[in-house]
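Down below is the structure, laid out as structure tokens.
Reckoned from all heavy atoms, side chains included, excluding hydrogens, waters and symmetry mates. Note on naming: letters A, B, ... go to the chains in the order of the sequence lines (proteins, then strands), and numbering restarts at 1 for each one.
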Number of protein chains: 2
Amino acid sequence: MKLSNTSQYAIRILTYMADKQDTQRINAKDLSQTLDIPYKFLTKIMTDLVKVGFIVSIRGREGGYRFEKEISDISIEDILKTFNDEIKDEACILGIGYCNNTCKCALHDQWLDSKIALQKMFKESSIDTLVGEGNKV
Amino acid sequence: MKLSNTSQYAIRILTYMADKQDTQRINAKDLSQTLDIPYKFLTKIMTDLVKVGFIVSIRGREGGYRFEKEISDISIEDILKTFNDEIKDEACILGIGYCNNTCKCALHDQWLDSKIALQKMFKESSIDTLVGEGNKV
DNA sequence: AATTAATACTACCTTGAAGTAGTAATTAAG
DNA sequence: CTTAATTACTACTTCAAGGTAGTATTAATT
Ligand code: SF4
Ligand code: SF4
């Protein structure tokens with residue numbers, strides 16, 4: 001029960017970029033070194049983040065990345081969805097077919113509250129609410 | 001963000017077995033068919049559940065499995081731990097090294113409540129609290 | 001004792017996530 | 001214009017989870 005490496009990386013990348021919004025461009029080499037994410041894997045993730053419209057890339061010398069979308073308009077949920085790692089409404093915690101909200105697997109009652117709380121937390125955590133001094137990166 | 005297939009299977013197996021405690025032995029073929037879990041994969045999981053002492057196996061003709069431990073003494077947390085799928089105290093949600101409870105990754109504050117609630121739910125959900133009529137299996 | 005039905009063990013195959021390598025395309029600087 | 005520094009693309013490799021196959025072992029039934 002954990003987030004995928006890719007999701008973890010993406011969240012760390014975007015929150016770190018948000019922390020440095022003064023710097024107008026951040027390049028892959030810096031991100032890779034600062035966040036200790038393998039360079040080639042990071043650039044693959046960056047391309048996904050560009051394609052989904054969170055950031056834009058500036059190619060060529062002196063290039064890099066900057067936000068395209070408002071950081072108040074990017075939630076953890078959005079990031080997880082980009083990498084298919086969100087908690088889906090229709091996914092049963094025990095993997096028994098699709099959840100129609102009337103079904104009951106053995107863990108239903110116990111899981112439902114946590115599920116809703118988690119989804120709410122992911123949805124309400126936009127990048128701008130996460131920036132802060134002294135965060136581990 | 002989901003439980004592993006193996007964990008899901010194990011929870012379904014044990015809750016189903018608990019539902020049928022009248023039947024003193026349940027064999028792998030029945031479990032495989034009823035729960036729609038691949039037979040060979042199921043027997044691998046069963047062997048793990050035996051090794052960790054939740055159930056005992058009776059080999060040979062008319063063999064099968066039955067509980068060894070009290071079902072009130074087996075929690076979802078215990079099952080998840082068996083397959084290394086529990087939410088570890090020291091695991092950072094963003095995968096940044098080890099959590100010492102003084103560190104702060106960007107998601108720390110938002111995650112902590114959910115984490116504690118989930119851990120509590122997994123710990124307090126013993127198999128006997130999960131048995132019930134009409135559950136999806 | 002032979003047969004049959006069950007679990008246990010060992011080894012392998014498959015799939016998807018994670019990570020790597022090399023090259024092409026782009027663009028600022030000199 | 002050339003070079004250097006950057007992102008993008010394509011393809012491959014590695015690793016762990018999930019799943020499969022075959023055989024050995026066990027024990028009740030006949
Ligand atoms: S029973 Fe509960 S966990 Fe299972 S599918 Fe329905 S809502 Fe989801
Ligand atoms: S900062 Fe929060 S999530 Fe990260 S390791 Fe510490 S407690 Fe865990």
Please list, in numerical order, the residues of residues 32-44 of chain B that have a heavy atom closer than 4.0 Å to any atom of DNA chain D.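 Within residues 32-44 of chain B, the residues near DNA chain D are B:P38, B:K40, B:F41, B:K44.
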Which residues in residues 47-59 of chain A have at least one heavy atom lying under 4.0 Å from any atom of DNA chain D?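 Of all residues in residues 47-59 of chain A, the ones placing a heavy atom under 4.0 Å from DNA chain D are A:T47, A:K51, A:S57, A:I58, A:R59.
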Between [atom2] of [N] and [atom1] of [X], the distance in whole Å:
{"X": "B:D85", "N": "D:dA16", "atom1": "CG", "atom2": "C1'", "answer": "13 Å"}
{"X": "B:Q8", "N": "D:dG19", "atom1": "CD", "atom2": "C1'", "answer": "15 Å"}
{"X": "B:N5", "N": "D:dA16", "atom1": "CG", "atom2": "C1'", "answer": "13 Å"}
{"X": "A:R66", "N": "D:dT7", "atom1": "CZ", "atom2": "P", "answer": "14 Å"}
{"X": "B:I45", "N": "D:dA17", "atom1": "CD1", "atom2": "C1'", "answer": "11 Å"}

Relative to the 5' end of DNA chain C, which residue comes earlier, B:Y65 or A:G60, by the nucleotide with the nearest heavy atom? B:Y65
Checking A:Y39 now: which residues fulfil ring pair (Phe, Tyr, Trp, His ring centres under 6.0 Å) with it, not counting sequence neighbours?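 With neighbours one apart ignored, the set is empty.
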Hey, does A:L94 have a side-chain heavy atom less than 4.5 Å from the side chain of A:W111?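 Heavy-atom side-chain distance check fails, nothing below 4.5 Å.
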Those residues that, when tested against B:D113, pass side chain to side chain contact (heavy atoms under 4.5 Å, CB included) (two or more places apart):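 Expected list: none.
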Going by side chain to side chain contact (heavy atoms under 4.5 Å, CB included), name the residues that satisfy it together with A:D128, two or more places apart in sequence or in a different chain.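 Side chain to side chain contact (heavy atoms under 4.5 Å, CB included) list for A:D128, sorted by chain: A:I71, A:S72, A:S126.
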Sequence neighbours excluded and cut-off under 3.5 Å, please list the side-chain donor-acceptor pairs for residues 10-20 of chain A, or say none.
| residue | atom | partner | partner atom | Å |
| --- | --- | --- | --- | --- |
| A:R12 | NE | A:V137 | O | 2.8 |
| A:R12 | NH2 | A:L35 | O | 2.5 |
| A:R12 | NH2 | A:V137 | O | 2.7 |
| A:T15 | OG1 | A:I11 | O | 2.8 |
| A:T15 | OG1 | A:R12 | O | 3.2 |
| A:Y16 | OH | A:K20 | NZ | 3.4 |
| A:D19 | OD1 | A:G132 | N | 3.4 |

Under the rule for salt bridge (Lys or Arg N to Asp or Glu O under 4.0 Å), what residues qualify as partners of B:K51, not counting sequence neighbours? none
Residues in salt bridge (Lys or Arg N to Asp or Glu O under 4.0 Å) contact with B:K123, at least two apart in sequence or another chain: B:E77
Any base atoms under 4.0 Å from A:F83, or only sugar-phosphate, or nothing? Heavy atoms, all strands. nothing
Audit row: B:Y9, B:L3, side-chain contact (heavy atoms from CB on, under 4.5 Å) steps and yes/no: CA-CA 10 Å; B:Y9 287 158; B:L3 298 179; over 6 Å; no
Need two values: the first and the last nucleotide of DNA chain C, 5' to 3', having an atom under 4.0 Å from any heavy-atom of chain A. C:dA18 to C:dA29
If a pair satisfies ring-ring contact (aromatic ring centres under 6.0 Å, His included) and one of its residues is in residues 46-70 of chain A, list it, with sequence neighbours excluded. none
Does anything in residues 60-73 of chain B form a salt bridge (Lys or Arg N to Asp or Glu O under 4.0 Å)? List the pairs, not counting sequence neighbours.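 Residue pairs passing salt bridge (Lys or Arg N to Asp or Glu O under 4.0 Å), neighbours aside: none found.
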By nearest nucleotide on DNA chain D, pick out whichever of A:M46 and A:E62 is the more 5' one.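 Closer to the 5' end of DNA chain D: A:E62.
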side-chain hydrogen bond (donor to acceptor under 3.5 Å, both in side chains) with B:S4: which residues, sequence neighbours excluded? B:S7, B:D85
